[in-house]
Amino acid sequence: MEQIDDMRILTLWTALLLFVLVGCKKADDQKPFAASYKGTFMRTDGSPLGDPIVSNVTLHLSEKAFTGTSDVRNYPAICSGNFTINQSKMVIVNSCYFTTEFDGTFIFKGEYNYELKGNQLHIWRTYANGQTDIYKLTRED
C-alpha cells in the first residue's frame, strides 16, 4: 500500500515538473525581435581602402512586421512591410512602392543574414560583386 502511494507521489511530481518545463518560455523566445532599434547602415565594396557612406537608421520590429527610416534618402529605402525568420536568415517583404531614380538594391527587401545578441541586432547580406549591406542596430528600451 505504501509503495502505491509513493508511486502516485512520484508520478504527480514528474507530471508537475514536465508541465512546468514545457510551459515555461522566456519572453525573448516568444518575440525576440519585437522592439525599436537604432543604428547605422552602410554598403561596403569589399575593399579595405573603400570609404563607405554611413546613414543613421531606425527600425521598428513587431512580431512579424517592420517600419523604418534612414536619415539619407533611399540609403537604404526601408519604409514598411513584414518579415519571416528561417534559421539564421531574415526574409524581408517590403510593402512600399518606390520610384526608379535610385539603385533598387538599396530597398530593404530580400534575404539577409542576422545575428541577435542581447540588445545588438546585426543584419547583413553580401552580393556576388563583393559588396555587403550592413545594418548595426541597438535595441532601445
Side-chain angles (χ1 to χ4, degrees), residues 2-141:
E2 188 176 314
Q3 189 176 21
I4 293 174
D5 288 339
D6 289 343
M7 189 63 99
R8 285 184 187 163
I9 291 171
L10 180 62
T11 302
L12 284 173
W13 277 109
T14 303
L16 180 61
L17 180 62
L18 285 174
F19 177 77
V20 168
L21 289 176
V22 170
C24 286
K25 275 190 173 181
K26 293 190 298 185
D28 288 342
D29 289 344
Q30 294 172 2
K31 297 180 185 176
F33 293 95
S36 291
Y37 296 86
K38 283 192 176 186
T40 60
F41 166 82
M42 70 177 150
R43 176 173 285 177
T44 65
D45 65 3
S47 164
L49 302 176
D51 192 18
I53 298 170
V54 177
S55 65
N56 296 305
V57 296
T58 301
L59 197 58
H60 305 282
L61 302 176
S62 66
E63 193 171 340
K64 294 183 181 183
F66 74 89
T67 61
T69 59
S70 172
D71 69 346
V72 177
R73 187 167 190 253
N74 296 327
Y75 184 82
I78 300 175
C79 199
S80 64
N82 58 57
F83 67 95
T84 56
I85 300 299
N86 184 2
Q87 296 173 351
S88 64
K89 302 289 184 188
M90 178 181 269
V91 180
I92 308 293
V93 177
N94 202 310
S95 301
C96 296
Y97 295 98
F98 297 95
T99 57
T100 58
E101 83 275 1
F102 70 98
D103 181 348
T105 63
F106 285 112
I107 298 172
F108 186 57
K109 68 177 185 177
E111 187 176 274
Y112 292 82
N113 298 296
Y114 78 90
E115 182 177 66
L116 179 63
K117 285 188 177 179
N119 289 336
Q120 304 297 311
L121 175 60
H122 294 165
I123 302 171
W124 73 96
R125 71 173 164 193
T126 302
Y127 299 92
N129 65 3
Q131 292 179 321
T132 302
D133 290 346
I134 304 168
Y135 295 81
K136 291 184 179 182
L137 308 166
T138 301
R139 183 179 183 147
E140 294 194 315
D141 290 322

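The shown structure was predicted, so the numbers you read here are calculated from the model rather than taken from an experiment.
In this structure, Asn119 and Tyr37 approach most closely via the heavy-atom pair O-CE2, 4.3 Å. The two residues Asn94 and Ser80 come nearest to each other via the heavy atoms OD1-O, 3.0 Å. Nearest heavy-atom pair, Leu137 versus His122, reported as atom, atom and distance to 0.1 Å: N-CD2, 4.2 Å. What you find for Ile78 and Gly68 is that their closest heavy atoms are CG2-CA, 3.5 Å.
Atom OG1 of Thr126 sits about 8.5 Å away from atom CG of Asp133, to the nearest 0.5 Å. Note that the OG atom of Ser36 and the CG atom of Leu59 stand 8.5 Å from one another [nearest 0.5 Å]. Distance OG1/Thr84 to NZ/Lys89: 12.5 Å, rounded to 0.5 Å. Distance check: Gln131 CD to Thr44 OG1 gives 7.5 Å after rounding to the nearest 0.5 Å.
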* Given the rule in the side-chain contact (heavy atoms from CB on, under 4.5 Å) test, do Trp124 and Glu115 qualify, once you have shown the distances and angles that lead to the verdict? -> CA-CA 9 Å; Trp124 73 96; Glu115 182 177 66; 4.0 Å; yes
* To do: Starting from the C-alpha separation in whole Å, work towards a yes-or-no answer on side chain to side chain donor-acceptor pair (under 3.5 Å) for Gln120 and Thr138.
  => CA-CA 5 Å; Gln120 304 297 311; Thr138 301; 3.3 Å; yes
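Here the side chains of Met90 and Ile123 are in contact, with some heavy-atom distance below 4.5 Å. Thr40 has its side chain out of reach of Tyr135: every pair of non-hydrogen atoms, C-beta onward, lies at least 4.5 Å apart. A heavy-atom distance below 4.5 Å is not found between the side chains of Ser70 and Asn56. Side-chain contact between Ile92 and Tyr112: present, with at least one pair of heavy atoms (C-beta onward) separated by less than 4.5 Å.
Judged by distance alone, the side chains of Tyr75 and Arg73 never bring a donor and an acceptor atom under 3.5 Å apart. In summary, the side chains of Thr67 and His60 do not present any donor paired with an acceptor at a separation below 3.5 Å, with no hydrogens or angles considered.
Aromatic rings from Phe83 and Phe66 are positioned such that their centres are separated by 6.0 Å or more.
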Distance-only criterion, 3.5 Å: show the donor-acceptor pairs between side-chain atoms of residues 102-110 and protein atoms not counting sequence neighbours.
from: Asp103; atom 1: OD1; to: Thr105; atom 2: N; distance (Å): 2.9
from: Asp103; atom 1: OD1; to: Thr105; atom 2: OG1; distance (Å): 2.8
from: Asp103; atom 1: OD2; to: Thr105; atom 2: OG1; distance (Å): 3.2
from: Thr105; atom 1: OG1; to: Arg43; atom 2: NH1; distance (Å): 3.0
from: Thr105; atom 1: OG1; to: Arg43; atom 2: NH2; distance (Å): 3.1

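Counting only residues at least two apart or on different chains, the disulfide (SG to SG under 2.5 Å) pairs with a member in residues 36-109 are Cys79-Cys96.
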